[in-house]
Amino acid sequence: MTSAGFARWGGLTAIGFAAAAVVGLALWFTGADMPEAHHSAADLAERVVSIDRAIAGAWVLILAMVILAGFSWWLMARYGHRSTLVTVGAGELALAATIHLVENLLVIGLYDGIIRPMAASGGSDSAAGDALWAVASSASVLAFGVLGLGALTAGMGFLRDLGAPLWFGYWGVFTGVLGFAAASSGIFAGLSFLAGPFNLSMLAWLIVLGLRAVRS
């Protein structure tokens, strides 16, 4: 594969990840009504709009995470020999993708095996459901932090080693800080609203990175 073809492949992968993530999140949020980490399984059963739509969204998000892992490999292959920071950041992105993938598998099991019968019966308490949701939501918070760390590290690498425009590098750093803040919602529930802005900033940053790669 030529250098231009390799750059184009990576750029299209970044855009594909962003597209899959947007579709998955849209399905998830319209199906599950934006559940928060501190809700019990009974709360989730009461708030759910369409379990099938939420599960479909989780499967699309799993696909997005697989694509993100591939994109992380591309970052290492394309820029790793020039920037250790970008290599480390790419590894952190791959780790976050793995955590999110496991989280969504847990969520599928929770909604299909526990929330579905609870919603049909009026939503009684479920200790198993509460425990599974606590694990899944904790994984989500952890993934936010690791994604943020990946964006922060890669952004610093683009600034220091690769001569990227200042606005692009600082955008990555800002996205990383936003990811840390969103992850802290596991301790400070009032910061949970930052998950949305972080997701948008991260997706947009990766799209711009993909477009820059296609043109380079």
Distance-minimising heavy-atom pair for Ala45 and Met118: CB-CB, 4.0 Å
Partner residues of Thr98 under the side chain to side chain donor-acceptor pair (under 3.5 Å) criterion, sequence neighbours left out: none
Close side-chain approach of Leu44 to Tyr111, heavy-atom, < 4.5 Å: yes
With Ala139 via side chain to side chain contact (heavy atoms under 4.5 Å, CB included) - residues at least two apart: Ile99, Glu103
ILVMFWY cluster, Trp59 and Ile114 together (side-chain gap under 4.5 Å): yes
Heavy-atom closest pair, residues Ala21 and Leu61: O-CD2, 3.8 Å
Nearest-0.5 Å distance that lies between atom CG in Leu206 and atom CG in Leu68: 7.0 Å
Partner set under side chain to side chain donor-acceptor pair (under 3.5 Å) for Arg116, not counting sequence neighbours: Asp52, Asp112
From OG1 (Thr175) to CG (Asn199), nearest 0.5 Å: 11.0 Å
Shortest non-hydrogen contact between Leu93 and Ala151, atoms and distance: CD2-N, 4.3 Å
Side-chain donor/acceptor of Thr30 to backbone N/O of Leu27, under 3.5 Å: yes
Distance, nearest 0.5 Å, that separates CG of Leu152 from CG of Leu178: 12.0 Å
ring-ring contact (aromatic ring centres under 6.0 Å, His included) evaluation trace for Trp171 with Phe174: CA-CA 5 Å; Trp171 185 4; Phe174 167 77; 8.8 Å; no
Parallel, tilted or perpendicular, as decided by the 30° and 60° cut-offs, for the rings of Phe168 and Trp205: parallel
Distance, nearest 0.5 Å, that separates CG of Leu105 from CE of Met65: 11.5 Å
Verify same cluster id: Val66, Val23 (apolar side-chain graph, 4.5 Å): no
Main-chain N/O of Ala134 paired to Ser137 side chain as donor or acceptor, under 3.5 Å: yes
Side chain proximity check, Trp133 to Asp43, heavy atoms < 4.5 angstrom: no
Tyr79 vs Arg82 side-chain heavy atoms within contact, under 4.5 Å: yes
Same cluster (ILVMFWY, side-chain, under 4.5 Å), Val107 and Ile51: yes
Phe158 and Leu85, any side-chain heavy atoms less than 4.5 Å apart: no
same_hphob_cluster(Leu147, Val177) at 4.5 Å side-chain heavy-atom cutoff: no
Listed once per pair and sorted, the salt bridge (Lys or Arg N to Asp or Glu O under 4.0 Å) pairs that draw on residues 152-179, sequence neighbours left out: none
Trp73 reachable from Phe71 in the ILVMFWY side-chain graph, under 4.5 Å edges: yes
Co-members of the apolar cluster containing Val88 [side chain, <4.5 Å]: none
Spacing of Ile67 atom CD1 and Ile62 atom CD1 [to the nearest 0.5 Å]: 12.5 Å
For the student: nearest non-hydrogen atoms of Ala20 and Val60, plus distance: O-CG1, 3.2 Å
Residues in side chain to side chain contact (heavy atoms under 4.5 Å, CB included) contact with Ala54, at least two apart in sequence or another chain: Trp28, Ala32
Nearest heavy-atom neighbours spanning Ser72 and Ala94: OG-N, 3.4 Å
Stepwise side chain to side chain contact (heavy atoms under 4.5 Å, CB included) test for Phe17 and Leu203: CA-CA 8 Å; Phe17 159 71; Leu203 290 172; 3.7 Å; yes
Atom pair CG/CD1 of Leu110 and Ile115 - distance to nearest 0.5 Å: 4.5 Å
Closest heavy-atom pair and its distance - Val48, Gly31: CG2-O, 3.4 Å
